Amino acid sequence: MTNSEKIVKFIKDCFEKYSLNLQEYFYYNFDGFELEEIVWTDQNGQIMPGIVTRASEILGLNAEDIIAVNEDAIDKWLIKYPYYFLIAPYKFAYERTFYGEGFDKIHLIETIFEVKSEDPYPLRYNYNDVTSRMIDELKEIDKSIPGTYHKGASITKLQITTENFCHFDDIKKMTECFISMVHRVIDLFIHAIDSGLSQEEKNEYNLLVSTLGVRDRFFTNGYLYYDGLIKAKELYQGITKENFYDVIVLRRGLEFKPWRCVEFVLDEDLVKRYLAIMPEAKREMREFAVAVSQFDCFFIWSDAKPIHFSPEEEEELEYISEILMEEPIPPEQRAKEPTEIYVGKKKTELNGDDLTADRLLSYCRPVKLGGLKVQSIIMPDINERLRHINYLRGRVPNNNFIEQVTEEINKKEGNQYE
C-alpha cells in the first residue's frame, strides 16, 4: 500500500469512527444520474490538491496528523466524547427490532466466522398478513368512498414501513454526552465570534460542526466551520445562548433519535434536558410515536391515472421547463398516482410498544394539555433571511469537495459573489 493509499484509508476510517457521511463531502453527481466517489489521487499516485486540507477541517484534525496517519489524534476525541463509540451499537439495537426469533443466532455466527449467512433473517412482522389487512381496509373504505378499491386491478410497487421502540442500556450515557456536545459547540461558536479559538479549540469545534451539522438556518449550502464562521462573524455578533436557535440549526443533530429507545422515553428528566438543546425534536418525536402504532402502506394501482396538477401548478411546470429549455412531460407519460393507507398494528405486533408510544405522545402535546415545554424559535422576517443568504454566499463554502473547488475557481475568475 502506497503512502497516498494509507492516507485515503485513514481519512475513510476516521469518517467511519465518527459516523460521518463520506458521500456528503467526497462523492459527486458527475453524470447527472447517481453519486460517485471522487478520484482521490492523480495519475502519479499523489493525493489530489486540497483533499487533506478539506478532510482535516471536517474531522477536526491537523493536516500533519492526517499525512502521518496519526491514530492518537482520533482517539483523543473518541475518549472525550464516548457518544461516537455508542452510535453503532445503538443503531444495531434499533435495527434488531425489525427481526424475529432466530436473528441473534444467525448474526452471532456471521460475526464469529465473518461470513454472510445464506439463510434470510427472520422478520418480526408477517407482511403477507399486513397486505391482506390492507386490502380489507381498502374494501371497507370503498363502501363510503367509492373508487378507493380498484376491483380487477393489481397492487404494484408496494412498500410497507413502520417504526419500533428498542432497548439500549447506555442510552442515558449517550444522550448526556450528546447534550454536552451541543452545549460545547454553542460555547465555542460564541467564543469564536467574541475572541477567536486556539488551534485545539478550532479542531474540536470543527468536528462538532460535522457531527451536529451546524449551519445557518437560512443558508443551506454549507456548515459553519471555523474559517467560514470567522469570515461571517459580523452577521453573528448578537448571538447568545438564548437566541442561538433563532438563526442556527443543528441539521444532523436530529439523526441521533434517542426517542426510539424505551429507556429514554421512560426518563422524563432526560427527555426534558434533551428537548432543551433540541427543541425541534418534539415534532419528530410525535411523528415517531404515531408511526409505531401502524404500518404505512404505499403502492400504485396497476390502473392508476397519471399524476395531474392544478391549472396553476401546470402553468408553473411549463414555465420551469421553458427556463430549463426542456420539453414538458406530457400528462400520459408522467408517473402514476400513488395510494397511501395506514393499517393499525395488532396487540401482538405492538408487544408493549403502544404503552411507550402513549408516554412519548404525552410529552409532545401542547403545554396547556400537559406536554413538555420547549424553547420557541423566533423567525426573522423575509428581509433578514435574504440578508443571511446573500451575506454568507461566497463566505461559507459548500460542504461538497467538488462544489467547493468549483466555487473557488469561479471566485478567482470573478464569477461569484464576494
Side-chain angles (χ1 to χ4, degrees), residues 21 24-25 53-54 57-58 60 181-197 201-202 204-255 275-284 312 316 319-320 323-324 374-418:
N21 184 1
E24 183 177 6
Y25 299 95
T53 301
R54 183 71 182 116
E57 180 178 52
I58 298 164
M181 293 164 77
V182 173
H183 284 309
R184 180 61 174 161
V185 82
I186 294 174
D187 286 342
L188 289 172
F189 184 103
I190 295 172
H191 187 42
I193 297 298
D194 291 343
S195 56
L197 302 178
E201 290 172 328
K202 290 179 190 176
E204 182 178 8
Y205 171 78
N206 282 338
L207 175 59
L208 293 175
V209 166
S210 299
T211 302
L212 300 170
V214 181
R215 69 162 172 80
D216 190 278
R217 184 172 289 278
F218 315 110
F219 185 77
T220 61
N221 287 359
Y223 298 151
L224 289 168
Y225 290 103
Y226 183 76
D227 287 348
L229 177 62
I230 294 305
K231 291 177 183 177
K233 68 178 183 178
E234 290 184 11
L235 187 66
Y236 301 116
Q237 287 293 339
I239 287 282
T240 64
K241 292 181 180 180
E242 287 69 32
N243 64 13
F244 182 82
Y245 293 104
D246 292 347
V247 291
I248 303 298
V249 63
L250 307 182
R251 179 187 171 275
R252 294 192 72 236
L254 289 174
E255 294 177 10
L275 285 176
I277 54 96
M278 293 297 293
E280 292 176 312
K282 190 174 181 180
R283 176 175 56 84
E284 300 261 345
E312 293 79 13
E316 186 176 347
Y319 176 68
I320 293 173
I323 292 177
L324 298 175
V374 297
Q375 178 181 337
S376 298
I377 306 299
I378 301 175
M379 296 289 284
D381 62 30
I382 186 64
N383 291 327
E384 181 65 13
R385 299 179 206 178
L386 290 174
R387 186 172 81 90
H388 275 243
I389 294 171
N390 291 328
Y391 190 89
L392 295 175
R393 187 183 291 134
R395 289 182 171 88
V396 175
N398 196 293
N399 285 341
N400 185 270
F401 176 71
I402 298 297
E403 291 282 3
Q404 194 174 108
V405 170
T406 303
E407 287 175 358
E408 284 298 317
I409 292 173
N410 288 335
K411 191 173 182 180
K412 289 177 181 178
E413 294 177 353
N415 298 326
Q416 186 168 336
Y417 292 91
E418 293 295 335

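These figures come from a predicted structure and were not determined experimentally.
- Here the closest non-hydrogen pair linking Leu229 and Ala192 is CD2-CB, 3.9 Å.
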Would Arg215 and Thr220 satisfy side chain to side chain contact (heavy atoms under 4.5 Å, CB included), going step by step from the backbone distance to the final call?
-> CA-CA 7 Å; Arg215 69 162 172 80; Thr220 61; 3.8 Å; yes

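- Within 6.0 Å of the CD1 atom in Ile378, the count of heavy atoms belonging to other residues, nucleotides or ligands does not exceed 12.
- Panel note: side chain Glu407, backbone Asn398; a donor-acceptor pair is recorded below 3.5 Å.
- In this structure, Asp227 has no salt bridge (Lys or Arg N to Asp or Glu O under 4.0 Å) partners at least two apart in sequence or on a different chain.
- Interatomic distance, Leu212 CG to Leu254 CG, rounded to the nearest 0.5 Å: 10.5 Å.
- In this structure, CD1 in Ile248 is found 11.0 Å from CD1 in Ile377, a value given to the nearest 0.5 Å.
- Put simply, OH on Tyr225 and CG on Asn399 are 5.5 Å apart, with the number rounded to the nearest 0.5 Å.
- Within a 6.0 Å radius of NZ in Lys233, other residues, nucleotides and ligands contribute 12 heavy atoms or fewer.
- Interatomic distance, Ile193 CD1 to Thr240 OG1, rounded to the nearest 0.5 Å: 12.5 Å.
- Here Thr406 contributes atom OG1 and Phe401 contributes atom CZ; the two are 9.5 Å apart, rounded to the nearest 0.5 Å.
- By the salt bridge (Lys or Arg N to Asp or Glu O under 4.0 Å) test, Arg385 is found to be paired with no residue, residues two or more places apart in sequence or in another chain being considered.
- The distance from the CG atom of Asp216 to the CG atom of Leu224 is 6.0 Å, given to the nearest 0.5 Å.
- Residue pairs that meet the side-chain hydrogen bond (donor to acceptor under 3.5 Å, both in side chains) test with at least one member in residues 245-255, sequence neighbours left out, are Tyr223-Arg251, Arg252-Glu255.
- In this structure, the side chain of Tyr226 engages the main chain of Leu197 through a donor-acceptor pair within 3.5 Å.
- Counting only heavy atoms from C-beta outward, the side chains of Asp187 and Lys241 approach each other to under 4.5 Å.
- Distance alone, capped at 3.5 Å, is enough to place a donor-acceptor pair between the Gln375 side chain and the Glu242 backbone.
- In plain terms, the two heavy atoms of Tyr25 and Ile58 that are nearest each other are CD2-CD1, 3.3 Å.
- Residues His388 and Arg217 fail the side-chain proximity criterion, which asks for heavy atoms closer than 4.5 Å.
- Salt bridge status for Arg395 with Glu234: absent, with no side-chain N to carboxylate O gap under 4.0 Å.
- The two residues Leu250 and Ile277 come nearest to each other via the heavy atoms CD1-O, 4.4 Å.
- Val185 has its side chain out of reach of Phe189: every pair of non-hydrogen atoms, C-beta onward, lies at least 4.5 Å apart.
- For Pro279 against Ala276, the heavy-atom pair with the smallest separation is CD-O, 4.4 Å.
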